[in-house]
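Below is one structure; the comments refer to it alone.
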Amino acid sequence: MLWHTAQAFLASAEIDTVLIVTTPGAEPLVQRFPGCGFDAPRLVEVDCGGDSRHASVMHGLAALRGLGAQDGDWVLVHDAARPGLTPALVARLIAAVEAQGVQAAGGILALPVADTLKRADGTQHIDATIQREGLWQAQTPQMFPVGLLERALRGALAQHRIVTDEASAMEASGHKPLLVAGALRNFKVTYPDDFALAEAILRRANHD
């Protein structure tokens, strides 16, 4: 999954550097998977992952700073568990965010919720139906200026809030990230059955 994810970014001309955050002390990807392209010139691996997504992203941003990233540079944060990402989706997000002009605070790929949503009680019985109008399912990448995202993540941490995506931290800082239409193929591999679905999508893409 990580290889497919990395390829989507490496195939995007708009991306300068692909930074992969791995577990501290992990064997480098280029050694674990020789010949798979993890030695690409624009790819950098850092074993600075934290005990949460929040921590891992903060450590990754620090690593980008070490590579010369500035406050106004854009960073796209992506889940490695979304191998269905394509260069076209990356380009769509970048174009939509940049079209907002100098005041842009960032944006995320997302999909309008199509299903009826139910809230469960403590016994897995339906407690209420949630109106889906205006609801979107967040995806990644999520794209923000490096400086703004750093401050938002630090602010959330100062409030003892561990956010599960970067947009949440930006929202808490008073920003309203743009919602950009994603794609069903960019789903997050979470449950056992998801692996077969992801494999089918990627196999079809390789044959197209």
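By convention here, the first residue in the shown sequence is residue 1.
Proximity of Leu153 to His54: side-chain heavy atoms (C-beta onward) are separated by under 4.5 Å at one or more points. Side chains of Arg42 and Asp16 form no contact here, defined as non-hydrogen atoms less than 4.5 Å apart. A 4.5 Å side-chain heavy-atom check between Phe38 and Arg32 finds every atom pair outside the cut-off. Counting heavy atoms from C-beta on, the side chains of Leu117 and Thr129 never come closer than 4.5 Å. Using a 4.5 Å heavy-atom threshold, the side chains of Leu10 and Leu43 count as touching. Using a 4.5 Å heavy-atom cutoff, the side chains of Asp115 and Arg132 are not in contact. Put simply, the side chain of His59 does not reach to within 4.5 Å of the side chain of Leu61, judged on heavy atoms.
Cluster annotation: Ile15 is not connected to Leu19 through the hydrophobic network of ILVMFWY side chains, with a link wherever side-chain heavy atoms come within less than 4.5 Å. Note on Val44 and Val30: separate hydrophobic clusters, where clusters join Ile, Leu, Val, Met, Phe, Trp and Tyr whose side-chain heavy atoms are under 4.5 Å apart, directly or indirectly. In this structure, Val77 is a member of the same hydrophobic cluster as Leu67, with clusters built from ILVMFWY side-chain heavy atoms closer than 4.5 Å. Hydrophobic clustering (side-chain heavy atoms under 4.5 Å, transitive across Ile, Leu, Val, Met, Phe, Trp, Tyr) keeps Leu93 apart from Leu179. Cluster annotation: Ile108 and Leu89 are assigned to distinct hydrophobic clusters (Ile/Leu/Val/Met/Phe/Trp/Tyr, side-chain heavy-atom contacts under 4.5 Å, transitive).
Counting non-hydrogen atoms of other residues, nucleotides and ligands closer than 6.0 Å to CD of Gln137 gives a total of 12 or fewer. Enclosure of atom NZ in Lys176 is not indicated, since only 12 or fewer non-hydrogen atoms of other residues, nucleotides or ligands lie within 6.0 angstrom. Residue-environment remark: CG (Asp121) exceeds the threshold of 12 foreign heavy atoms within 6.0 Å.
Contact detail for Ala104 and Pro145: the closest heavy-atom pair is O-CG, 4.3 Å. Across every non-hydrogen atom of Pro141 and Leu85, the tightest pair is CD-CD1, 3.6 Å. Annotation for Arg92 and Gly182: closest pair NH1-O, 3.3 Å, computed over non-hydrogen atoms. When all heavy atoms are compared, the tightest approach of Phe144 to Ala105 is CD2-O, 3.1 Å. The heavy-atom pair separating Met170 from Pro177 by the smallest distance is CB-CG, 4.1 Å. Closest non-hydrogen pair, Leu135 versus Gln131, comes out as CD1-O, 3.2 Å.
Tested against Thr140, the residues Glu166, Lys188, His78 include a single side chain to side chain donor-acceptor pair (under 3.5 Å) partner, His78.
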Worksheet item: side chain to side chain contact (heavy atoms under 4.5 Å, CB included) between Leu109 and Gln142: does it pass, once the steps are laid out?
Response: CA-CA 7 Å; Leu109 289 182; Gln142 302 195 354; over 6 Å; no
Worksheet item: Should Phe33 and Leu2 be marked as a side chain to side chain contact (heavy atoms under 4.5 Å, CB included) after you check the CA-CA gap, both sets of side-chain angles, and the distance that decides it?
Response: CA-CA 11 Å; Phe33 306 104; Leu2 184 55; over 6 Å; no
Item to complete: Could you go through the side chain to side chain contact (heavy atoms under 4.5 Å, CB included) check for Val113 and Trp136 one step at a time?
Response: CA-CA 5 Å; Val113 172; Trp136 290 62; 5.6 Å; no
Discussion item. Determine whether Leu64 and Val75 satisfy the following criterion, side chain to side chain contact (heavy atoms under 4.5 Å, CB included), listing intermediate values before the conclusion.
Written reply: CA-CA 9 Å; Leu64 285 176; Val75 60; 3.6 Å; yes
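No side-chain donor-acceptor contact under 3.5 Å links Ser173 and His175.
To the nearest 0.5 angstrom, Met58 atom CE is 5.5 Å from Leu157 atom CG. Rounding to the nearest 0.5 Å gives a distance of 12.5 Å between CZ of Phe9 and OG1 of Thr17. Here Thr164 contributes atom OG1 and Arg161 contributes atom CZ; the two are 9.5 Å apart, rounded to the nearest 0.5 Å. For the atom pair CG (Leu76) and CH2 (Trp74), the distance works out to 9.0 Å, reported to the nearest 0.5 Å. Note: Ile130 CD1 to Arg119 CZ = 3.5 Å, rounded to the nearest 0.5 Å. Taken from OG1 in Thr5 to CG in Asn186, the straight-line distance is 8.5 Å, to the nearest 0.5 Å.
Between the side chain of Gln139 and the main chain of Leu111, no donor-acceptor pair closer than 3.5 Å is present. Within the 3.5 Å criterion, the main-chain N or O of Ala55 finds a donor-acceptor partner in the side chain of Ser52. A distance-only check finds no donor-acceptor pair linking the side chain of Glu98 to the backbone of Ala96 [under 3.5 Å]. Remark: side-chain polar atoms of Ser12 are not paired, donor with acceptor, to backbone N or O of Val90 under 3.5 angstrom. Judged purely by atom type and a 3.5 angstrom limit, Asp194 uses its side chain to pair as donor or acceptor with the backbone of Thr190.
The existence of a salt bridge linking Arg65 and Asp71 is confirmed by a sub-4.0 Å separation between a basic side-chain nitrogen and an acidic carboxylate oxygen. Taking a cutoff of 4.0 Å between a charged side-chain nitrogen and a carboxylate oxygen, Asp79 and Arg53 qualify as a salt bridge.
In this structure, Ile126 shares a hydrophobic cluster with no other residue, the cluster being traced through Ile, Leu, Val, Met, Phe, Trp and Tyr side chains under 4.5 angstrom apart.
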